[in-house]
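Everything below concerns the one structure shown next.
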Amino acid sequence: MLNKYPLWKNLLILAVLVLAAIYAAPNLYPPDSAIQITPARSGAELSADVIGNVRTLLDENGIKTKSDEQKGATVLFRLQDGEQQLRAKDVVQRQLGDNYIVALNLAPTTPAWLLSMGAGPMTLGLDLSGGVHFLMEVDMDEYLSSRVGNYREELRNRLREENIKYRRIQIEEKQIRLSFVDAAVRDEANRFLTREYAEFVRKDEQKGDSFDVVLSVSEQKIKEFEDYAIKQNLTTLRNRVNELGVAEPLVQRQGRNRIVVELPGVQDTAEAKKILGKAANLEFRLEAEPGASRFTTEEYKFRSDEFRTARLEKTIITTGDSVTNAMSAFDENGFPQVNIDLDSKGGAVMTQVTRKAIKRRMAVLFVERKPKTVYEMVEGVETPKTVQVVDKSIISLATIQSTLGSSFRITGLESAEASELALLLRSGALAAPMYFVEERTVGPSLGKENIQMGLNSVVLGLALVLVLMVWQYRLFGLVANVALLFNLVLVVSLMSLIGATLTLPGIAGIVLTVGMAVDANVLIFARIRDELAKERTPQQAIAEGFDRAFITIFDANITTLIVAVILFAVGTGPVKGFAVTLSFGIITSMFTAIMLSRAIINLIYGGRRVEKLSIGGQE
Amino acid sequence: MSKKHDFDYMKYSKLALLVSLLAVVVSIGALAVKGLNMGLDFTGGTLLEVKYTTAVPVQDISTALGEAGYKGVSVQSFGAETDVLVRMSESFHDGLGEEVLATLQKAAGANQLILKRSEFVGANVGEDLRDQGGMALLLALFLIMLYVAARFQFKFSVGAVLALFHDVIIILGVFAIFQINFDLTVMAALLAVIGYSLNDTIVVADHIRDNFRTMLNGTPREVINDALNHTFGRTLMTSLTTALVLVALLVVGGQLIRGFATALLIGVVVGTYSSIYVASALLLAMKVSREDLMPPEVQDEIDDRP
């Protein structure tokens, strides 16, 4: 019983501790208040002139900057005084106008040598940073029935092309019923459907003299539709969120049909909701006939060519809301085309209008809503105010060859043009309608208070536990305390390393970990005392205590871990944060309480004759 | 901390089971009669925390909101005198946030108000969360039962899970009796209590198993008593450290985390008690024996007989 760890084991423990300290370190550097400038149009560049102008502008207004750094098309000005952040934003936004998005940011101040090792601070949840949280629900029923509705149009055309005579095609909930005069035609139709529409589950039915096939969408296909709709909505929302110029937005799917949007630092919910929920950004319109009255027509420029214009009718056929899908593809001759799907309502109107407009041209107008800052005098002070301006431009003008239904295509495009058009058609559209179902705001002051209170509880809880441990277990208690402190460092470093989000319940989880993590040491020390009571030598007692307590510690921790994992799986937002810190705390406490404290105790007592252990509890 | 390893815990096991049974019945009664004061995480509804520059009588705010046609309005001061917490049963719809703020600002007049926090939750969101939370609790209990049954023995897992039910129901009972707001963090705390309380139970079970192997002449009652005597110091110490940090959270952690800390604190106290008097006493009641823990050898012997 020498109680000595081999050198490699001590070095391993040391290495883990050093790494943990390094990756936890970035959290010690308080972030800088900064303003972030990005060009409003994606792909545009930020010239050195602009940056220089901003620099002098800030200087003239007496706003001192620490530094500025450019990353891609974004430039970040770090301010010396956080109080000046809002003013700096206003001044710069005013100067740059609406071609640039100026956003508030809290820039990490992680030193370069830490950054080069991939270290960075933890991200803060909304309850700690302040900001708005929205939960949006995607209306899947509506979306699915519109998808099924589209199939009716398509089937009509295809069956006609194939010369299969049907009596009627009806929509029943999410099913399509095709009726035929006799079994032979139905068989023919079935062969065609099997070949071309494998996504349907077919069922033959006979009602009187009507031979029917009932098509229903397979479960798997429904899931595909849903995934597509959510993915498409996520993309669209992300585009819209970018317009808000938020530093680190979160747009994420939650559950089957919900989307979470979190915007740190944003306070104006009305403004945010307007942009997230903005509706029509595509309009389908007919080109004006020559000599049409100026009162019923409007002139628009082309998006691709500012000097080219076209005169369009004021009447809108349908809007981007009814676009359910748009894809670039190639036609049978290998020419690029864009396939567009409309929902049943949009398709019906489209049919009605285009029937009488063959050989005329139809335009797709792209409608962009841009925030524009104007300045108003309020009580003698000029204050900035954001208003929405609408900018419309033509992205396609094509001749109508035949009556259009809910699925049609635009041809005569270049390949690159086709894919851009498809992208624009999609980017404006939400695949499925969405509603806000939850809205939460946390003011910035409350966020700061929460951080402070969280820190206070960690410190107070830690202090109480440290004192209690030393009082109960003397030197061994001190060792447990060192292990506990390193446990905290390990949790923080793991959180930072994997980029987990810290929330208020997350901090509570850390506090709880402080109380629970010493349990392993308490178990070990209790065993050692037991062994000492059985007249074992101190060295034997140490070895036995650690060995025999291990299995108990393991069993006890696994169950807490099971609970934490369940919590992580079903929890949302803040609660997830609790599950993360709790599980990390448990895992790391196994290492610190068993390996680290053993290593320290070995260093103190190991390899020599010991008469008495300073572990308390003995008379 | 007692050094004497001869306290007869099981002497009081019948009494303790009676007390537990009573507490559980009272809790279930409170849940049935008063019900939980569900937070808007689960019910849907509206909550705003507002800070005024100068204090405003709570009654005025309440009247203003009532006149504006909002239902189920409750206004209370929150922490500081100038801070006010408004709750309404009004379920979320688009634009509600702006409307409510405008109403409050109008009522406040020249008094500047700052929105500290607002929550608007749709009714069906809450419903989903409630279902999810309930499912999570049941899943946790089931998985733990499986784990304990696999690691120890079926009788142990029955005792452990009944002890957990006991803890969870008593916490819910306390929340129902005092009508403490039951929100998502409290739900998380309940799950944490399951983990925590089990921790104690397992440590005791581990010792009982050990004792069955070493105390060859001990009766089950002696074996269990000895295990409890040996683990009591540790159980007390861990409960104490955990309770201390929870008190820290309760005192300085702020309003938002209060329900969470309360639930856990009750959980720690009840959990410590239940690991001794529910889990272990049930083991005794189910006549746990040495054979329960060493099935392989015993089984072999029996099988070898003709």
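Residue numbers start from 1 in every chain, and the chains themselves are labelled A, B, ... in the order their sequence lines are given, proteins ahead of strands.
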Completion exercise
The interface call for B/L264 against chain A, heavy-atom contacts under 4.5 Å, is side chain
Handout entry: CG on A/D519 to CZ on B/R234, rounded to 0.5 Å
Key = 4.0 Å
Problem - Leading residue by heavy atom contact count with chain B [cutoff under 4.5 Å; candidates A/R258, A/M516, A/H133] - result: A/R258
Problem - Engaged part of A/L455 at the chain B interface, taking heavy atoms whose separation is under 4.5 Å - result: neither
Completion exercise
With A/V522 as partner, the option from B/L236, B/T238, B/T241 fulfilling side chain to side chain contact (heavy atoms under 4.5 Å, CB included) is B/T238
Problem - Contact origin within A/V518 toward chain B - heavy atom pairs under 4.5 Å - result: side chain
Completion exercise
One should read off an interatomic distance between A/D127 CG and B/T185 OG1, to the nearest 0.5 angstrom, of 10.5 Å
Exercise for the section: Heavy-atom pairs under 4.5 Å with chain A are the metric here; pick the option from B/G253, B/A243, B/G122 that has the most. Expected result: B/G253
Exercise for the section: Between chain A and each of B/A188, B/S118, B/A205, B/G195, count heavy-atom pairs under 4.5 Å; write down the option with the most. Expected result: B/S118
Problem - Closest heavy-atom pair and its distance - A/G515, B/T242 - result: O-OG1, 3.6 Å
Exercise for the section: May I ask you to check whether over 12 heavy atoms, not counting those of A/F554, lie within 6.0 Å of atom CZ? Expected result: no
Exercise for the section: Any chance you could measure A/I553, atom CD1, to B/N199, atom CG, to the nearest 0.5 Å? Expected result: 10.0 Å
Exercise for the section: Go through B/K51 and A/L446 one step at a time and tell me if the side-chain contact (heavy atoms from CB on, under 4.5 Å) criterion holds. Expected result: CA-CA 11 Å; B/K51 192 183 191 67; A/L446 186 64; over 6 Å; no
Problem - A/I566 versus chain B, the contacting section by heavy-atom distance below 4.5 Å - result: side chain
Practice task
State, to 0.1 Å, how close B/I202 and A/A556 come at their nearest heavy-atom pair, and which atoms those are.
Solution key: CG2-N, 3.9 Å
Fill in the blank from the handout: Under 4.5 Å to a heavy atom of chain A? For B/L184 that would be both
Handout entry: Atom group of B/A261 that falls short of 4.5 Å from chain A, counting heavy atoms
Key = neither
Problem - Candidate pair A/E438 and B/V121, rule side-chain contact (heavy atoms from CB on, under 4.5 Å), full reasoning - result: CA-CA 4 Å; A/E438 192 181 294; B/V121 183; 3.8 Å; yes
Handout entry: Derivation of the side-chain contact (heavy atoms from CB on, under 4.5 Å) call for B/M237 and A/Y473
Key = CA-CA 11 Å; B/M237 186 66 190; A/Y473 298 109; 3.7 Å; yes
Exercise for the section: Could you give me the CA-CA distance, side-chain angles and deciding distance for B/M187 and A/V575, then say whether side-chain contact (heavy atoms from CB on, under 4.5 Å) is met? Expected result: CA-CA 9 Å; B/M187 183 63 112; A/V575 170; over 6 Å; no
Handout entry: Inter-residue atom distance A/E439.CD - B/T46.OG1, 0.5 Å rounding
Key = 9.5 Å
Exercise for the section: Could you have a look at A/G461, A/S445, A/A517 and say which one has the most heavy-atom pairs with chain B under 4.5 angstrom? Expected result: A/G461
Exercise for the section: Check whether A/V511 gets within reach of chain B through its side chain, its backbone, both or neither, counting any heavy atom under 4.5 Å. Expected result: both
Exercise for the section: For each of A/A579, A/A569, A/A508, tally heavy-atom pairs with chain B at distances under 4.5 Å, and name the one with the top tally. Expected result: A/A508
Exercise for the section: Report yes if the side chains of A/V459 and B/V252 come closer than 4.5 Å at any heavy-atom pair, otherwise no. Expected result: no
Completion exercise
chain B shares the most heavy-atom pairs under 4.5 Å, among A/N557, A/V514, A/V132, A/L504, with A/L504
Problem - Of B/T231, B/D210, B/D206, the residue whose pairing with A/T552 passes side chain to side chain donor-acceptor pair (under 3.5 Å) - result: B/D206
Exercise for the section: Look at the side chain of A/T560 and the backbone N and O of B/Y196, then say whether any donor-acceptor pair between them is shorter than 3.5 Å. Expected result: no
Exercise for the section: Look at atom CE of B/M135 and say whether more than 12 heavy atoms of other residues, nucleotides or ligands are closer to it than 6.0 Å. Expected result: no
Practice task
Kindly say whether the aromatic ring centers of A/F436 and B/F120 come within a distance under 6.0 Å.
Solution key: no
Practice task
Using non-hydrogen atoms and a 4.5 Å limit, figure out which bit of A/I562 sits close to chain B: side chain, backbone, both or neither.
Solution key: side chain
Practice task
With a 4.5 angstrom heavy-atom cut-off, could you sort out which part of A/I558 is near chain B: side chain, backbone, both or neither?
Solution key: side chain
Problem - Which portion of A/A526 sits near chain B, non-hydrogen atoms under 4.5 angstrom - result: side chain
Exercise for the section: Kindly compute the distance separating CD1 (B/I257) from CG (A/N450), expressed to the nearest 0.5 Å. Expected result: 8.5 Å
Exercise for the section: Flag yes if more than 12 heavy atoms outside B/F165 fall under 6.0 Å of its CZ atom; otherwise flag no. Expected result: no
Problem - Contact class of A/E449 relative to chain B, heavy atoms under 4.5 angstrom - result: side chain
Handout entry: Atom pair NE2 (B/H230) and CZ (A/R529), whose distance is rounded to the nearest 0.5 Å
Key = 12.5 Å
